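Take a look at the structure set out below.
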Amino acid sequence: MFDGGDSNVRKFNTVNRRVFILKIAKGIIFTGIVARLFSLQITENKKYLTLSDKNRLREWRLPPVRGEFVDFFGNIIAGNTKVYQLHVVPEQVEDFKYLMVRLKNILSLSDKQFRKIVKKKEQQKPWETLIISENLSWDQFSKVNFYLHELSGVKPVLSVARSYPLKANYTHVLGYVAQASEDDLLKNEEIKNKHVPGLRVGKSGLEKTFENILIGTNSVQRYEVNAFGKRINQVDFQQGEQGQKIKLTIDSEIQKLCNELLADKAGSISVMDIFTGEIIAMHSSPSFDPNLFLYGISYKDWDLIRENPLKPLINKTITGLYSPGSTIKPIVALSALENDVISTNFKVNCTGKIEMYGQTYHCWKKRGHGVVNLRDAIKQSCDTFFYEMSRRLGVDRLNITAKRFGLGNTVFKNLYSEEKKGLVPSTKWKKNVLGQGWVLGETLITGIGQGYIQTTPLQLCLMTAQLANGGFKIFPRITSDNKQESLEKIKYKMSQSLVNDSENSSSLIRSAEEIFNKNEKEYNKLFRNQENIKFVLEAMFASTNEVRGTSYRSRIDDKKYQFAGKTGTAQVKKITKIQRELDLDTSQIPYEERDHAWFVAFGPYKDPRYSLCVFVEHGGSGSSTAAPLAKKLMKKIIDRHEEREKIRKNNLIEI
Amino acid sequence: MFEQSSYSDQYTFFQKLRSFDFILIFCILCLGIISNLSMYSTDGGEFLYHSKSHFIRFVTFFLMMFILSFINLRFWHSTAYLFYTITLGFLIWASMYGITASGSQRWINLYFINLQPSELMKIAIIICFARYFHREQMSNINSFKNVILSMAILILPILLVVSQPDLGTSILIAISGIIVLWLAGFNIKYFIYSGLALVISLPFVISMLKPYQKLRVLTFFNPDRDPLGAGYQIIQSKIAVGSGGLTGKGFLKGTQSYLEFLPEKHTDFIFTLFSEEHGFIGSVVLLILYAIVIFRILNIGSQSRSYFGKLFCYGFGSAIFVYVAVNMAMVLGLLPIVGSPLPIMSYGGSSMLATMIGLSIVMSTKIHNKQIIH
């Protein structure tokens with residue numbers, strides 16, 4: 001045992017010494033581990049907590065519920081309906097082909113639909129949600145849910161979609177919604193922030209204009225998920241807010257009547273409150289049912305709409321540009337009176353045609369009107385009289401007056417991006433744009449609303465309204481807020497602008513550009529002498545309510561409904577000598593070459609409140625096609641007046 | 001001396017019981033309880049498969065340790081070579097007929113237990129060296145024969161374990177073997193030489209590594225290289241530990257583990273789970289428990305009058321330290337991910353068995369510390 005005792009002691013010493021060294025090393029290493037723990041858990045705790053939350057929490061944004069549109073009486077004209085949708089993220093699906101075959105069986109999809117979906121999948125990125133179906137029936141939805149555990153990557157989604165209960169009646173006013181495109185996301189921050197797969201956004205009309213108000217906010221579901229992305233439990237639910245409700249000034253009853261009146265015709269009807277500028281109705285025909293687009297329109301239906309020669313996709317009221325024809329005559333007459341070109345006693349002998357500058361200009365009445373004064377000329381729409389008067393007036397002075405009354409500019413400020421300005425020609429315009437000098441003969445045809453001049457139906461409605469209210473500036477609007485002024489206050493404001501005369505009296509001389517540049521105040525007077533306006537209005541009354549007036553047949557004798565108007569028949573094509581001699585009936589002329597029928601009116605005559613403009617594209621003559629529609633319409637408008645005033649009164653009290 | 005040693009052979013049962021190291025026993029029990037609670041947490045707060053079998057193993061092997069402690073140290077001394085040889089035999093058996101799981105052939109079927117002989121080898125190598133150097137003269141230790149022979153004893157099992165392949169365990173065996181050799185008095189120059197040899201052979205070793213092992217080493221140096229692949233474990237482990245904060249997310253509330261972001265949470269990453277749920281304070285407490293265990297083992301070694309017992313305790317204590325340090329450094333992102341369980345805490349029967357055998361030898365050394373082995 002004691003052999004090599006010395007060696008044994010050395011052995012023990014060595015091992016003890018080396019263990020001591022090891023102990024120190026261990027101490028250092030353990031301290032190092034503690035230091036690491038400290039840096040991870042104390043110093044960098046926040047960072048790792050965030051990372052941990054990022055791991056475990058996932059947010060699901062639900063589509064926001066779009067704000068509704070209601071009409072003046074609070075009826076919903078654009079709402080929301082629940083739809084059941086089926087979403088798939090191709091990236092999360094193991095075997096896409098197999099899944100699609102399963103889905104095809106479960107949903108009993110047709111081969112065509114099947115191919116469409118597969119094609120759609122190939123067009124988008126694998127992480128983008130593929131919408132298998134926009135609108136499942138309840139049957140399909142419950143069936144999918146039943147098999148859901150076998151269909152990994154498939155998400156049945158309860159969503160909302162736009163619905164338009166009044167179908168075709170508001171199509172052009174409201175515009176339409178469709179799936180947000182990449183362009184929408186880039187251009188509109190609001191859409192980008194709220195985007196979820198399948199989100200529908202406004203593509204045109206008011207739906208687009210008020211997108212940021214209508215869109216609402218997303219509901220957010222926050223889930224805890226495991227490492228495989230499976231939802232474990234819902235942590236949080238944030239209820240989103242529905243988009244704001246927008247109230248329009250339109251009366252659905254009148255709007256519906258417009259649709260009926262224009263059934264099977266191409267055209268437009270607009271109705272306006274001549275004091276408040278409220279649009280009472282605004283319809284473009286033919287229309288179509290926007291609900292067709294909700295779940296993806298079929299090719300057949302789409303072709304039917306797109307290839308319809310009456311062009312249902314065009315909002316004719318604000319984007320259609322047409323020659324106004326004789327409806328421009330009240331403005332021409334007013335311009336001549338305001339500029340003292342003629343007096344009301346000025347007379348012209350109409351023989352059916354007039355020779356000027358080596359050309360023959362025809363009156364619509366071949367036999368001629370005989371000797372006519374201004375009142376008769378408006379009443380019977382004598383072209384010859386207006387040729388002579390326009391020649392004396394000149395196009396530039398006419399241009400100023402026409403523009404003052406709203407022609408040649410958009411009626412709404414930025415409300416419809418597609419709205420057209422139209423054109424009121426002037427010598428300067430022709431030189432700048434066409435690079436040619438003005439030909440005097442062109443003044444003559446401008447005076448009867450032909451030639452270069454182009455207007456939208458709504459511009460003519462506004463023009464009529466501003467004449468009918470006594471010649472005061474109004475700003476048409478289609479949305480209704482509660483800041484409404486009473487009629488008395490509006491009339492007071494108008495009388496005030498009569499008093500502040502001095503500044504405005506020189507305004508007739510101002511150039512048209514100046515008028516646009518200056519922010520015209522509401523209810524500013526647009527005339528120099530109100531007697532001239534009154535004269536024109538009286539002539540329009542005669543046109544409808546006196547024998548030989550152009551719209552005499554469409555008159556209403558009841559004072560309550562009695563209105564005054566002006567017909568217009570705009571030529572689409574220059575009439576040749578042969579045609580003139582043939583004197584064909586409308587039905588014998590090819591559709592595209594038939595005249596446009598116009599009628600502008602205001603009523604009730606003794607206390608005017610509403611103006612309207614009826615336009616029938618290729619409808620023939622204004623007096624036979626457009627004026628009778630206006631008669632039915634005016635009756636309805638006046639009948640609805642009391643209802644409308646009730647709502648207005650309620651709104652007034654709210655202030 | 002003779003009297004004393006012969007006297008000690010006749011310790012009564014109660015005398016032996018009284019000389020148990022109760023602090024060590026207490027710390028082992030604490031670790032056992034903590035490990036069982038953690039295992040309960042990995043099962044999502046239910047007493048399921050992992051927690052059940054871990055509990056049974058801990059209780060069984062703890063009792064076994066208790067009983068084995070009464071065995072005289074002489075028994076271990078005399079059976080040391082046999083123990084080593086049998087374990088080596090098991091390793092060879094495993095390499096031929098072993099059970100393959102997750103790409104590694106490291107288990108053998110003993111009918112009542114699936115044994116992982118490489119875990120037992122961690123203990124066997126220490127016992128073997130303790131016996132080997134027990135009788136060796138100090139002047140003889142660095143002799144050519146000794147150096148070659150002990151190298152052979154060490155390298156043989158390492159090669160077998162590497163070929164399974166099990167890089168983690170072979171590294172641990174190598175480290176604990178080298179520590180024992182150094183403690184026994186091996187000249188430091190041998191370690192420097194072999195270190196140099198290792199560096200020179202490194203390119204060969206790397207070319208021999210399996211692709212997934214290469215990936216792990218690369219990933220260690222830059223975990224963000226492949227956040228969803230090989231780096232995933234390190235990143236998720238660091239997130240779990242870091243998000244634990246000072247006091248942790250609370251028992252059964254570790255989101256990283258129960259939402260299954262943590263890989264291997266019952267075995268190698270059990271500390272991560274514990275650290276996430278109990279935070280910095282809990283982790284330090286656990287570390288202190290291990291430190292006490294190691295300190296007590298080394299202390300028992302220093303009091304032992306037999307060189308065999310002394311060297312074993314020093315070697316075993318250091319080995320425990322190495323296992324703990326490597327495992328923790330690994331899950332904290334300080335070392336590359338190699339399979340290395342945390343003693344007592346991690347799920348695994350063989351590891352538990354080996355640890356308990358080692359502890360029973362330590363306890364036997366304590367009881368028979370006056371004994372000198374011939």
Side-chain angles (χ1 to χ4, degrees), chain A residues 1-58 223-233 235, chain B residues 1-2 5 133 136-141 179 182-185 235-236 238-246 248-249 255-256 258-263 275-276 279-281 283-284 287-288 290-291 294-295 298 301-302 307 310-311 313-314 317-318 321-322 324-325 328-329 332-334 372 374:
Chain A
M1 196 72 235
F2 293 109
D3 52 334
D6 185 39
S7 161
N8 235 3
V9 171
R10 263 181 61 207
K11 212 165 119 183
F12 272 77
N13 282 347
T14 309
V15 79
N16 283 335
R17 196 176 61 239
R18 290 193 172 181
V19 158
F20 180 71
I21 296 169
L22 263 189
K23 272 185 189 165
I24 292 170
K26 286 169 189 170
I28 291 168
I29 290 172
F30 265 9
T31 313
I33 288 174
V34 171
R36 176 66 170 183
L37 276 169
F38 187 87
S39 95
L40 286 178
Q41 299 194 296
I42 310 295
T43 320
E44 290 186 285
N45 177 240
K46 271 227 175 84
K47 171 184 153 193
Y48 286 110
L49 258 182
T50 318
L51 285 172
S52 156
D53 280 348
K54 229 165 111 186
N55 260 345
R56 74 186 179 99
L57 297 175
R58 291 271 186 296
Y223 279 96
E224 194 168 60
V225 296
N226 70 9
F228 313 107
K230 193 184 164 208
R231 299 180 197 192
I232 303 298
N233 55 355
V235 180
Chain B
M1 275 309 238
F2 276 114
S5 70
F133 292 107
E136 212 51 61
Q137 296 287 326
M138 187 59 208
S139 48
N140 248 351
I141 283 177
I179 287 175
W182 181 68
L183 286 173
I235 290 171
Q236 293 301 337
K238 274 162 75 177
I239 290 173
V241 173
S243 62
L246 182 65
K249 291 176 181 169
T255 55
Q256 284 283 103
Y258 89 78
L259 295 174
E260 295 172 61
F261 290 100
L262 261 193
S275 192
E276 186 191 13
F280 182 68
I281 292 174
S283 310
V284 170
L287 207 58
I288 289 171
Y290 276 114
I294 292 160
F295 177 77
L298 296 181
S302 72
Y307 189 79
K310 190 185 275 294
L311 194 57
C313 288
Y314 287 166
S318 304
F321 166 80
V322 169
V324 172
M328 289 191 177
L332 296 179
L334 296 171
I372 290 166
H374 295 279

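Both backbone and side-chain heavy atoms feed into the values below; hydrogens, waters and symmetry mates do not. So you know, we letter chains A, B, ... as the sequences are listed, proteins then strands, and number each from 1. All figures in this text were calculated on a predicted structure; none of them were measured in a lab.
- Neither the backbone nor the side chain of A:Lys47 comes within contact range of chain B; no heavy atoms are under 4.5 Å apart.
- In this structure, the portion of B:Leu298 lying under 4.5 Å from any heavy atom of chain A is its side chain and not its backbone.
- Among A:Ile33, A:Thr14, A:Asp53, the residue with the largest count of heavy-atom pairs under 4.5 Å with chain B is A:Ile33.
- Ranked by heavy-atom pairs under 4.5 Å with chain A, the first of B:Gly242, B:Gly301, B:Gly317 is B:Gly242.
- With ring centers used as reference points, B:Phe321 lies under 6.0 Å from A:Phe30.
- At a 4.5 Å heavy-atom cutoff, the contact between A:Ile42 and chain B is made by side-chain atoms alone.
- The closest donor-acceptor contact from the side chain of A:Lys26 to the backbone of B:Phe295 lies at 3.5 Å or more, if one exists at all.
- For the pair B:Ala325 and A:Ile29, the tightest heavy-atom approach, listed with the atom from each and the gap, is CB-CG2, 4.0 Å.
- In terms of heavy-atom pairs under 4.5 Å with chain B, the best-connected choice from A:Glu224, A:Gln41, A:Glu44 is A:Gln41.
- Taking A:Asn55 as the reference, B:Gln236, B:Ile239, B:Gln256, B:Phe261 meet the side-chain contact (heavy atoms from CB on, under 4.5 Å) condition, with sequence neighbours excluded.
- For B:Leu262, no part lies near chain A; criterion is any non-hydrogen pair under 4.5 Å.
- Residue B:Phe133 touches chain A through its backbone alone, counting heavy-atom pairs closer than 4.5 Å.
- Per-residue heavy-atom pair counts under 4.5 Å with chain B were compared for A:Asn16, A:Thr50, A:Val19, A:Leu40, and the maximum is reached by A:Val19.
- For the atom pair CZ (A:Arg36) and NZ (B:Lys238), the distance works out to 5.0 Å, reported to the nearest 0.5 Å.
- Smallest separation of non-hydrogen atoms from A:Lys11 and B:Glu136: NZ-O, 2.9 Å.
- Minimum interatomic distance between A:Leu22 and B:Ser318 (heavy atoms only, all atoms of both residues): CD1-OG, 3.3 Å.
- In plain terms, the two heavy atoms of B:Phe280 and A:Val34 that are nearest each other are CE1-O, 3.7 Å.
- Contact between A:Ser52 and B:Thr255 at its shortest, heavy atoms only, is OG-OG1, 3.6 Å.
- For B:Ala240, no part lies under 4.5 angstrom from a heavy atom of chain A.
- When the side-chain contact (heavy atoms from CB on, under 4.5 Å) test is applied to A:Asn226, the partners found at least two apart in sequence or on another chain are A:Phe228, A:Lys230, A:Ile232, B:Leu259, B:Glu260.
- Nearest heavy-atom pair, B:Ser275 versus A:Leu37, reported as atom, atom and distance to 0.1 Å: OG-CD2, 3.9 Å.
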